[in-house]
Student: 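Here's a structure for you.
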Amino acid sequence: MALTTARTMPGVMELLPLDQIAFQDMLDTIRRTYERFGFLPVETPVMEFTDVLLTKTGGETERQVYFVQSTGSLKQGDEPDLALRFDLTVPLARYVAEHERSLSFPFRRYQMQRVYRGESAQRGRFREFYQADIDVIGKDALSIRYDAELPAVIYSVFRDLKIGPFTIQLNNRKIMRGFFEGLGITDGEQQTLVLREVDKLDKRGAAHVRETLTGESFGLSAAVAQKILDLVQIRSHGYDDALAKLIALGQGTDTFNQGIAEMREVLTLIHAFGVPETHYMLNLSIARGLDYYTGTVYETTLNDHPQIGSICSGGRYENLATHYTKSHLPGVGISIGATRLFWQLREAKLLGSAQSTVQVLVTQMEEASLPIYLELAMQLRNAGINTEAVMEASKLGKQFKYADRAGIRFVLVLGSDEIAKGVVTVKDLRKEDQYEVLRGDLIKTLRVELEQASVMPLS
RNA sequence: GUGAGCGUAGCUCAGUCGGUAGAGCUCCGGAUUGUGAUUCCGGCGGUCGUGGGUUCGAGCCCCAUCGUUCACCCCA
């Protein structure tokens, strides 16, 4: 029989167990922080009705959507009425609209699930990937203060992930749009196009942006382009500097003034939340491509690895669920692309090698003593220690090799010598060290070892 | 969706002028019957992406096709 090549589609991340453990640790850290800030868990189905998911027929999103169809419906030639979600914000809008009367507002939810996009294969781009989102949704209104809370969450998450220094970059679209208005760019569409172009500043450089803005498609004068560049090249260093730079911008259109006022309040509260001023800055070129952001926008980058790009982004939107309800539901949210983040951290060798979830391996010295090994293993499990017992007789060397490759740090050896003496040999494969302990002291000893191993892992 | 590059062992790759297919790593076994990750020895593993053409002869040249990677677009 001809074999089928075992393979996965491109753009999916499938991991070996030790990497999977590291990835799950990452998700656990994010989840713990979200919960610590008082966000509630939500899960939604991977599939949604097509008409619900594709309310805005934006060419770009529709191109990337995977449609889902049952075999029967496919044979009948029907159009698919289901599709896979491509982000968590649209399902959130549907969720809030559907359960509006049962939810308490402001609604603070977190959601960590996989989303699907028909991307063409490219480094760091996935067709299936995890997003870890938080959003705060208000009924009728939502205080600007929540815009300052999210950076505090972002700070805590990335601090706890221990992936090196990072910077939360802040901007407000009202500042940008208001500024463009003042320059005579009053058309909303045109403003959006300029926003997108300006957003490329850090990647492509000022010269490229200037060239595009003064080029055919935009047709802006050199003087106007220069004024835009002068604004969007503003960066701050520290809290006082950020406030000073905002004040120095002076007055402008109503939208502009409102943006400045919002940004000032957000900065003041971020300071009050205790986010160190080394970890945030104004970057007036940040715009985000998505149309629905209306005020504050965020982007977070790793200081030592700028090529990784944004590892967390989001912003304020004026109305979440216009397509599903007449209620006015403003919100602010962020999204961490967990799959891409993990992948790029691994590529950049920023992840230490993970240890197995198996904490202790009980080796099999003599087949006749198997009942003793099994009993010992159960005692350890009952004490809360993840324990694997070797079930098949083999050479001790093989059993050690197995433990080493499986990432199991502690190995117990219990042969006739130990049984006679009433002790167990504990070997630490990472420290290359071994010693005997009394059977009665084993659990206490292992707890101390495991505690030390988790606090100070040998990399 | 637009443009460019690359397809040889599980992985990374070599393969001269067109002359019957190679290495390293990995994996399995042994050296070592109570000790892994080092070392040494042995073994498993390929329809050279697929189809056609040129040729006495094609991994190599030509055409097509599929796959894949990169850039743009967009995005986490």
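The figures that follow rest on heavy atoms only: side chains count, while hydrogens, waters and symmetry mates do not. Below, chain A is the first sequence line, B the second, and so on; all start at residue 1.
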Student: Within the 4.0 Å heavy-atom criterion, would you say A/Ser310 contacts the bases, only the backbone, or no part of the nucleic acid?
Tutor: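 Counting heavy atoms under 4.0 Å across all strands, the contact made by A/Ser310 is with sugar-phosphate only.
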Student: Would you say A/Thr387 and A/Gln359 make side-chain contact, with heavy atoms under 4.5 Å?
Tutor: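 Result no, sub-4.5 Å side-chain heavy-atom pair not found.
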Student: NE2 of A/His208 versus P of B/A71: gap in Å, rounded?
Tutor: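 To the nearest whole Å, that distance equals 15 Å.
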Student: Between B/A14 and B/C6, how many Å separate the two P atoms, rounded to a whole number?
Tutor: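 Comparing P positions in B/A14 and B/C6 gives a spacing of 12 Å.
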Student: How about A/Gln169 and A/Ser285: do any of their side-chain heavy atoms sit closer than 4.5 Å?
Tutor: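 A/Gln169 vs A/Ser285: side chains apart.
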Student: Between P on B/A76 and CG on A/Leu88, what's the gap in Å once rounded to a whole number?
Tutor: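 It is 11 Å, rounded to the nearest whole Å.
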Student: Nearest whole angstrom, please: distance from the P of B/C11 to the CG of A/Leu16.
Tutor: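 Distance, rounded to whole Å: 14 Å.
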Student: Give me the distance, rounded to whole Å, that separates B/U26 from B/A37 when you measure between the P atoms they each carry.
Tutor: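 B/U26 and B/A37 have their P atoms separated by 11 Å.
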Student: For B/U50 and B/C56, measure between their P atoms and round to the nearest Å.
Tutor: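 Rounded to whole Å, the distance is 25 Å.
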Student: Within the 4.5 Å heavy-atom criterion, are A/Leu374 and A/Met391 side-chain neighbours or not?
Tutor: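 Sidechains of A/Met391 and A/Leu374: in contact.
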Student: Taking atom P of B/C72 as reference, at what distance in whole Å does atom CG of A/Asp199 sit?
Tutor: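 Those two atoms, CG and P, are 14 Å apart.
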Student: When the C1' atoms of B/U69 and B/G29 are considered, how many whole Å apart are they?
Tutor: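 About 38 Å, rounded to a whole number of Å.
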Student: Would A/Arg117 and A/Phe86 count as a cation-pi pair here, with the cationic atom under 6.0 angstrom from the ring centre and within 45° of the axis?
Tutor: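 Cation-pi check for A/Arg117 and A/Phe86: fails.
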Student: For a quick check, with a 4.0 angstrom heavy-atom cut-off, what is the B/S/- contact string for nucleotides 27-38 of chain B, read 5' to 3'?
Tutor: SSS-S--BBBB-
Student: Looking only at N and O atoms, is any donor in the side chain of A/Arg125 or the base of B/C75 less than 3.5 Å from an acceptor on the other one?
Tutor: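 Yes, the side chain and the base share a sub-3.5 Å donor-acceptor pair.
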Student: Quick one: do A/Glu149 and A/Arg145 make a salt bridge, cutoff under 4.0 Å?
Tutor: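 No.
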Student: Taking C-beta and beyond as the side chain, do A/Asp87 and A/Asp133 meet within less than 4.5 Å on heavy atoms?
Tutor: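 No, their side chains stay 4.5 Å or more apart.
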Student: Separation of A/Tyr116 atom OH from B/C75 atom C1', in whole Å?
Tutor: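 Those two atoms, OH and C1', are 18 Å apart.
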Student: Distance check needed: B/C75 C1' versus A/Tyr66 OH, whole Å only.
Tutor: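 Rounded to the whole Å, the gap is 14 Å.
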Student: Over how many whole Å does the gap from A/Ile286 atom CD1 to B/A76 atom P extend?
Tutor: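 The answer, rounded to whole Å, is 12 Å.
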Student: Tell me, which stems hold RNA chain B, with a stem being 3 or more Watson-Crick or G-U pairs in a row and both distances under 3.5 Å?
Tutor: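 B:1-7 with B:66-72, B:10-13 with B:22-25, B:27-31 with B:39-43, B:49-53 with B:61-65 - these are the stems of 3 or more pairs that involve RNA chain B.
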Student: Under 4.5 Å between any side-chain heavy atoms of A/Phe400 and A/Leu361, yes or no?
Tutor: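 The answer is no, as the side chains (C-beta and beyond) never meet within the 4.5 Å cut-off.
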Student: Would you measure the distance from the P atom in B/U68 across to the matching atom in B/C61 and give it in whole Å?
Tutor: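 B/U68 and B/C61 have their P atoms separated by 23 Å.
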Student: For residues 10-26 of chain A, run the donor-acceptor check on the side chains, cut-off 3.5 Å, and write out each pair with its distance to 0.1 Å, sequence neighbours left out.
Tutor:
unit_1, atom_1, unit_2, atom_2, d
A/Asp19, OD2, A/Arg346, NH1, 2.7
A/Gln20, NE2, A/Gln24, OE1, 3.4

Student: In whole Å, measure the gap between the P atoms of B/U65 and B/G3 for me.
Tutor: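 Going atom to atom, P in each nucleotide, I get 14 Å.
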Student: Return the orientation label for the A/Phe126 and A/Trp343 ring planes: parallel under 30°, perpendicular over 60°, tilted otherwise.
Tutor: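 Perpendicular: the ring planes of A/Phe126 and A/Trp343 meet at over 60°.
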Student: Measuring only the C1' atom in each nucleotide, how far is B/U47 from B/A21? A whole number of Å is fine.
Tutor: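 Pairwise C1' distance, B/U47 against B/A21, rounds to 13 Å.
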Student: Taking A/Arg114 first and then A/Glu128, would you say they form a salt bridge - that is, a charged N and a carboxylate O separated by under 4.0 Å?
Tutor: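 Salt bridge between A/Arg114 and A/Glu128, a charged N being under 4.0 Å from a carboxylate O: yes.
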Student: Is the ring pair A/Phe166/A/Tyr155 parallel, tilted or perpendicular, if the boundaries are 30 and 60 degrees?
Tutor: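 Answer is tilted, since the angle falls between 30° and 60°.
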Student: What distance, rounded to whole Å, do you find between the two C1' atoms, one in B/C17 and one in B/C60?
Tutor: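 To the nearest whole Å, 11 Å.
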Student: With heavy atoms under 4.0 Å as the rule, sort A/Phe126 into base, sugar-phosphate or nothing.
Tutor: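 A/Phe126: base contact, heavy atoms under 4.0 Å.
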Student: Under 4.0 Å: is that the gap between some side-chain N or O of A/Arg204 and OP1 or OP2 of B/C72?
Tutor: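 Checking A/Arg204 against B/C72: at least one side-chain N or O falls below 4.0 Å of OP1 or OP2.
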Student: Kindly say whether, by distance alone, the side chain of A/Arg117 makes a donor-acceptor pair under 3.5 Å with the base of B/C75?
Tutor: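 It does not, because no donor-acceptor pair links the side chain of A/Arg117 to the base of B/C75 below 3.5 Å.
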Student: Take the protein atom CZ of A/Arg127 and the nucleotide atom C1' of B/A76, then report the distance between them rounded to whole Å.
Tutor: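 Atom-to-atom, A/Arg127 to B/A76, this comes out as 16 Å.
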